[in-house]
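Each chain gets a letter, A, B and so on, in the order its sequence line appears, and its residues count up from 1.
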Amino acid sequence: MSDQAERKSYDPKTIERKWYDFWLEKSLFKPEVNPSGRPYCIVIPPPNVTGSLHMGHALNATLQDVLVRWRRMQGARALWLPGTDHAGIATQNVVERELAKEKTDRHQLGREEFIKRVWKWKGEYGGRIIHQLKVMGASADWSRERFTLDDGLSEAVRTVFVKLYEEGLIYRSARLINWCPRCRTALSDLEVEHEEEEGILTYIKYPLSGGKGHVLVATTRPETMLGDTAVAVNPADGRYNELIGRKLDLPLTCRQIPVVADPAVEMEFGTGAVKVTPAHDFNDEEIGKRQSPPLESVSVIGADGKMTAQAGPRYAGLDRYECRKLVVEDLKSLGLLEKEEKYTHSIGHCYRCKTVIEPLSTPQWYVRVEPLAREAIEAVRQGRVRIIPEGWSNSYFAWMENIKDWCISRQIWWGHRIPVWYCRQCGQVIVARVTPQACPRCGGAAPEQDPDVLDTWFSSALWPFSTLGWPEETPDLKSFYPTGTLVTAFDILFFWVARMIMMGLKFMGDVPFRDVYIHALVRDQEGQKMSKSKGNVVDPLTIVDKYGADAFRFTLAAFAAQGRDIKFSEERVKGYRHFINKLWNASKFISMNTQEEAAGSIDGVSDLPSRWILSRLSQAAEEINLALEEYRFNDASNRLYQFLWHEFCDWYIELAKTGLEDAGQAKGIRWCLLHTLDMVLKLLHPFMPFVTEELWQTIAPAGKGQSIMTAAYPKDLPRFPEAEEQMGPVIDAISAVRNIRGELGIRPGAKVNVIVNAYSGAAADTLKRHVPYIKRLAGADSIIIGTGIEDQKPKKAAVNVMQGLEVYVPVAGLLDIETELDRLGRELGRTGKELDFCLRKLMDEEFVNKAPEAVVAKEKAKCRELEDKKRNLEESINRLKSMEVENG
RNA sequence: GGGCGGAUAGCUCAAUUGGGAGAGCGCAGCCCUUACAAGGCUGAGGUCACAGGUUCGAUCCCUGUUCCGCCUACCA
């Protein structure tokens, strides 16, 4: 029928590219394939243009694709909206590094040329991650791809900035901010990573002016002492009471500084006296402000991380760390160094380049987020946005309730330029969406634009509506906002998710998405975070290359249990590739056996196994749909695995081989094989799009549409409870014989005779009607079936007791009595133990009185069963023993 | 310092509202049975981290302890 039949096994490379191109060509990723469906939208968390696909992206993209393919198949007008983020600092860094190689820098190039250069870079390399997402099978609508610096999105940014400014929610202020001396820009609080590091606590003597004695202070940053403007003590601290108001000689300078009181000083820490450097420490800035008059601020470290002129001629121009050494040496030689202690404390680093942050005082733009946060908290409280797993809402609330103003200006060139201009003549500040040609106040020409750009996250915060066309009232915006699900990792919950909720509520009047699904972080096999520096990074594309995108995707989905990190293991991918191979071969078998038999319907199905598998399929489909509904990706994939392999392949296909020999049933069975495969492929498709398309195209009944992508996702399939019930004894009988064979080591080729004593007439009837199946699957020659036929138990027989039946296998000649006695003995031991436990429970009056009736009844039934089983086993053992004696 | 999560088979992990724990891989035995050795059949393997408490009954609920992650915080 197809070339598939000739291919021995599944080879992803030959099919993946082909089908992706096919989907693109047919425009199947567009929501318009279901024009009348209910809208469902996912906006991608835009990866950095500089980025290349890592495990986190792979997981993130897989889950989004599973959702969007599933919804699309359900008939939704599903849109997965892709795009990238201009990643201001990161991208600028990349291009600056290139320039450095060319022995030049951005300042020599000039702003305009530099920006051109970055665009050029973006054009050449920026699309890499998009390409990689395609390799993963992402069914995003690329015709709608967006970039945060697109015209439309820039328009959104300006609109938002101006509106917030006009409402007083954006303001400019000069105060301490986190400064990265390497990136030469301000950072928001979130962009600072704190890490515990071992440092040194240096104790320095500050002599009292014009008198004897000194105050001892401790610091981890001795170089900042050059900018000290006070020493603070707790007003309640008896040791220092008298000193408050006195002056100290600040060593290494010719300045005098006062001793001041501030309640924030911990008496227990260090010496209880703290040096105060308002220009370089957030706490100290606060202390300085609380004094009246406020303390002076002396900046001794510059934007480049080097000491300024104010540090004094000896230190000016030195790097802050060189200066630290020199200051310590100088203090030592002056005898003002008391001691140095090892000290572990947490230090802030730039999240982009890991350089130690320096708090510096510079004018920056801020968003006053508290009013925005209030509504965003409400939205989650009321469930208008659901965070899944729910546990993360606690973190969300904690952060939002203590939120601080957001520093949004960055001193770099690559990004959205702040829409603020300053008149060179009158100093008027102009905040506008459109570049002003003249000063509206004095008419002065060409006001100068603020040199800074906005934090990249400022534009990302608008992503769910700016990508849909806002501020234009586009049809997309109308249909797809609010979007359905946001899929992301927790590490950008604050950076991005919270801010989108705030901005969405503010500018769209509604939440940006209904559900936020927070997935795990992908770690290495030892549970370590993957990082380049640790060298434990697993490249997703290498995995795709080795095992195929389908196996990789399925692995990620199967790993994606809620609330737990993923320890990635290549072994698992291998396992799931075997799974796909199983599917491949099952399909091959079915196509070989069904030929042109596409026609037919469920009405032609009369045999029990077919009705059974259809019912099982129905149940699996329901569970899979429910799991996806609740974002339990691992449950959905495990269920698929279980059904396809252990129910469909292990049982149904094996049973069908016998069924097909019966001409009266063959047609129905062929239909059922094809139909079930068709359904399984559809159920699997969101997880493994490529191989399912390949198989569906070659095997599924013709004329059912152009692609599995747009086929209906299985749902509400018929159930046959009686078929499931009747299959029980058949499966049990086969298993019972197999168990005996396996345990006694009867060779697979050797046929056995089987006697089945069923406990009910119905079971016996069913079994009688399925003798050929049992013969084949159990490797039996002859079968005797009946009820109450214990007396037919042969002398030399192996016995197996199941729930509704018992099985005897005469093994004269085959049987080693010792082996069988051993097996029965072990079985008896297990049964006895279980029975004891059960009986003890039932003898406990309190249990019988207090436990629910159903539980007690269940326990009683179990007891009876176990008693039967035990008696049976004992009989068998006794008989074998007597035989042993006879023989012996 | 505060908060969150985890500890279950040799390994990686499940268990939807408390009634004696499952899967995959690995392991052992037997098989090239004509879709599949990337396979089939069978089997072994667990004091559900530790100690208390609630309950007729606890892997599950409560308290405490230990060990590991992570988030967060202005102790110089």
Side-chain angles (χ1 to χ4, degrees), chain A residues 5 8-10 194 201-202 217-221 224 232 264-266 268-277 281-287 343 345-346 359 389 391-392 394-395 398-399 402 490-491 493-494 521 523 525 527-529 558-559 561 563-569 571-572 574-593 626-627 630 632 634-635 638 641-642 645-646 649-650 653-654 657 735 738-749 776-779 823 834 837-838 841 844-852 854-856 858-859:
Chain A
K8 266 216 172 73
S9 61
Y10 153 70
H194 292 275
L201 192 56
T202 308
V217 298
T219 180
T220 52
R221 297 192 299 157
T224 61
V265 179
E266 292 283 333
E268 286 75 31
F269 188 87
T271 59
V274 57
K275 60 192 268 321
V276 183
T277 325
D281 185 283
F282 291 103
N283 277 323
D284 294 1
E285 184 188 39
E286 292 302 311
I287 294 177
Y343 183 65
H345 62 309
S346 92
W392 289 108
N394 282 333
S395 305
W399 187 68
N402 298 297
F490 68 82
D491 53 350
L493 182 61
F494 308 142
L521 240 45
R523 301 174 175 282
Q525 228 155 347
Q528 300 284 311
K529 207 167 171 171
F559 262 130
R564 196 188 267 266
D565 282 346
I566 293 172
K567 285 186 204 159
F568 186 78
S569 136
E571 281 303 300
R572 276 292 276 278
K574 217 190 224 168
Y576 288 122
R577 200 185 67 160
H578 296 174
F579 174 58
I580 296 176
N581 195 48
K582 188 78 181 173
L583 170 67
W584 183 271
N585 283 301
S587 301
K588 191 164 92 181
F589 171 80
I590 291 169
S591 75
M592 276 165 33
N593 281 281
L626 184 64
E630 296 173 354
R632 291 181 283 112
N634 60 324
D635 287 344
N638 286 330
Y641 187 99
Q642 162 71 24
W645 200 315
H646 298 306
C649 291
D650 286 352
I653 289 184
E654 292 308 319
K657 287 175 182 172
S735 299
R738 281 175 170 178
N739 170 269
I740 289 170
R741 300 183 62 115
E743 289 274 307
L744 298 185
I746 298 172
R747 306 182 65 78
R776 180 164 187 151
L777 267 61
R823 184 181 76 89
E834 256 185 276
F837 184 80
C838 207
K841 224 169 172 179
D844 184 343
E845 274 178 42
E846 289 205 275
F847 170 75
V848 178
N849 293 335
K850 290 185 183 170
V855 175
V856 178
K858 200 173 125 197
E859 213 63 30

Verify side-chain contact (heavy atoms from CB on, under 4.5 Å) between A:His345 and A:Leu201, making sure each step is shown before the conclusion.
CA-CA 10 Å; A:His345 62 309; A:Leu201 192 56; over 6 Å; no
d(CG, A:Asn585; C1', B:G40) in whole Å:
13 Å
Any idea which of B:G19, B:C36, B:A14 is nearest the A:Asp635 side chain?
B:A14
Looking at A:Lys657, I'd like to know whether one of its side-chain N or O atoms comes within less than 4.0 Å of OP1 or OP2 on B:U33.
no
Separation of atom CZ in A:Arg747 from atom P in B:U42, rounded to whole Å
18 Å
Taking atom C1' in both B:A44 and B:C27, what distance in whole Å separates the two?
9 Å
Considering only atom P, compute the distance from B:G64 to B:G29 and round it to an integer number of Å.
50 Å
According to a strict under-4.0 Å criterion, is A:Lys588 in side-chain N/O contact with OP1 or OP2 of B:A35?
no
Show your reasoning for whether side-chain contact (heavy atoms from CB on, under 4.5 Å) applies to A:Arg632 and A:Asn634.
CA-CA 5 Å; A:Arg632 291 181 283 112; A:Asn634 60 324; 4.2 Å; yes
Which whole number of Å gives the distance between the P atom of B:U12 and that of B:C4?
26 Å
Using a 4.0 Å heavy-atom cut-off across all strands, classify A:Val265 as base, sugar-phosphate, or nothing.
base
Picking from B:G40, B:A38, B:C56, which would you name as closest to the side chain of A:Asp650?
B:G40
Can you check the distance between B:C60 and B:A15, where both ends of the measurement are the P atom (answer in whole Å)?
15 Å
Going from CG on A:Asn585 to CD1 on A:Ile590, what distance comes out if it is rounded to the nearest 0.5 angstrom?
11.0 Å
Whole-Å P distance, B:C62 and B:G24
32 Å
Find which nucleotide of RNA chain B each of A:Glu846 and A:Trp399 is nearest to by heavy atoms, and output the residue with the more 5' nucleotide.
A:Glu846
How many whole angstroms separate atom CZ of A:Phe282 from atom P of B:A73?
12 Å
Any idea how A:Phe269 and A:Tyr343 line up, ring-wise: parallel (<30°), tilted (30 to 60°), or perpendicular (>60°)?
perpendicular
Determine the minimum heavy-atom distance between A:Trp392 and A:Phe490, stating which atoms define it.
CH2-CG, 3.4 Å
For A:Ala586, which contact category applies under a 4.0 Å heavy-atom criterion: base, sugar-phosphate, or nothing?
base
Sugar-phosphate, base or nothing in reach of A:Cys838, heavy atoms under 4.0 Å:
nothing
Rounded distance [0.5 Å steps], NZ in A:Lys275 versus OG1 in A:Thr202
10.0 Å
Answer with base, sugar-phosphate or nothing: what part of the nucleic acid does A:Thr219 contact at a heavy-atom distance below 4.0 Å?
sugar-phosphate
In whole angstroms, how far is the P atom of B:C75 from the NE2 atom of A:His345?
10 Å
Specify the separation, in whole Å, of atom NZ of A:Lys582 and atom P of B:A35.
11 Å
As a test of reading the structure: which of B:C41, B:A35, B:C56 is closest to the side chain of A:Phe589, going by heavy atoms?
B:A35
In whole angstroms, the gap separating P of B:G43 from CZ of A:Arg823 amounts to 10 Å
Select base, sugar-phosphate, or nothing to describe what A:Glu859 touches, counting heavy atoms under 4.0 Å on all strands.
nothing
Can you give me the closest heavy-atom contact between A:Asp635 and A:Ala627, atom names plus distance?
CB-CB, 4.1 Å
Expressed as a whole number of Å, how far does the P atom of B:A58 sit from that of B:A49?
15 Å
Would you tabulate the pairs of protein nitrogen or oxygen atoms and nucleotide nitrogen or oxygen atoms of nucleotides 21-25 of chain B closer than 3.5 angstrom?
residue, atom, partner, partner atom, Å
B:G24, OP1, A:His646, NE2, 3.3

Does A:Lys657 make a cation-pi contact with A:Phe589 (under 6.0 Å, within 45 degrees of the axis)?
yes
Looking only at heavy atoms, what is the nearest atom pair of A:Val848 and A:Val856, with distance?
O-CG2, 4.0 Å
Considering only B:C56, B:G40, B:C71, which nucleotide approaches the side chain of A:Phe494 most closely?
B:C71
For the side chain of A:Ala851, starting at C-beta, report the closest nucleotide among B:A76, B:C56, B:A35.
B:C56
Nearest-neighbour nucleotide for the A:Phe490 side chain, B:C71, B:A76, B:G19 considered:
B:C71
Indicate the atoms forming the closest heavy-atom contact of A:Lys582 with A:Trp645, along with that distance.
CE-NE1, 3.5 Å
How far does the C1' atom of B:A9 sit from the matching atom of B:G69, given to the nearest Å?
23 Å
So the stems of RNA chain B, runs of at least three Watson-Crick or G-U pairs (under 3.5 Å), are B:1-7 with B:66-72, B:10-13 with B:22-25, B:27-31 with B:39-43, B:49-53 with B:61-65
OP1, OP2 of B:C41 versus side-chain N and O of A:Asn739: anything below 4.0 Å?
no
Would you indicate which nucleotide in B:A38, B:A76, B:C56 comes nearest to any side-chain atom of A:Phe847?
B:C56
Gap in Å between the two C1' atoms, one belonging to B:G43 and one to B:U55, rounded:
38 Å
Taking all non-hydrogen atoms of both residues, which atom of A:Arg741 and which atom of A:Arg747 are closest, and how far apart?
NH2-O, 2.9 Å
Do A:Glu743 and B:A44 share a donor-acceptor pair, side chain to base, under 3.5 Å?
no
To the nearest Å, how far apart are A:Arg776 CZ and B:G40 P?
16 Å
From A:Glu859 CD over to A:Lys841 NZ, what is the distance, rounded to the nearest 0.5 angstrom?
4.0 Å
If you only use heavy atoms from C-beta on, which nucleotide in B:A35, B:C30, B:C56 is closest to the side chain of A:Pro748?
B:C30
5' precedence on RNA chain B between A:Lys275 and A:Gly749 (nearest-nucleotide basis):
A:Gly749
Rounding to an integer number of Å, can you tell me how far A:Asp491 CG sits from B:C71 P?
9 Å
Mind listing the closest non-hydrogen atom pair of A:Leu777 and A:Glu654 along with its distance?
CD1-O, 3.7 Å
Remember a base hit wins even if backbone is also touched, and classify A:Asn394 as base, sugar-phosphate or nothing at under 4.0 Å, heavy atoms.
nothing
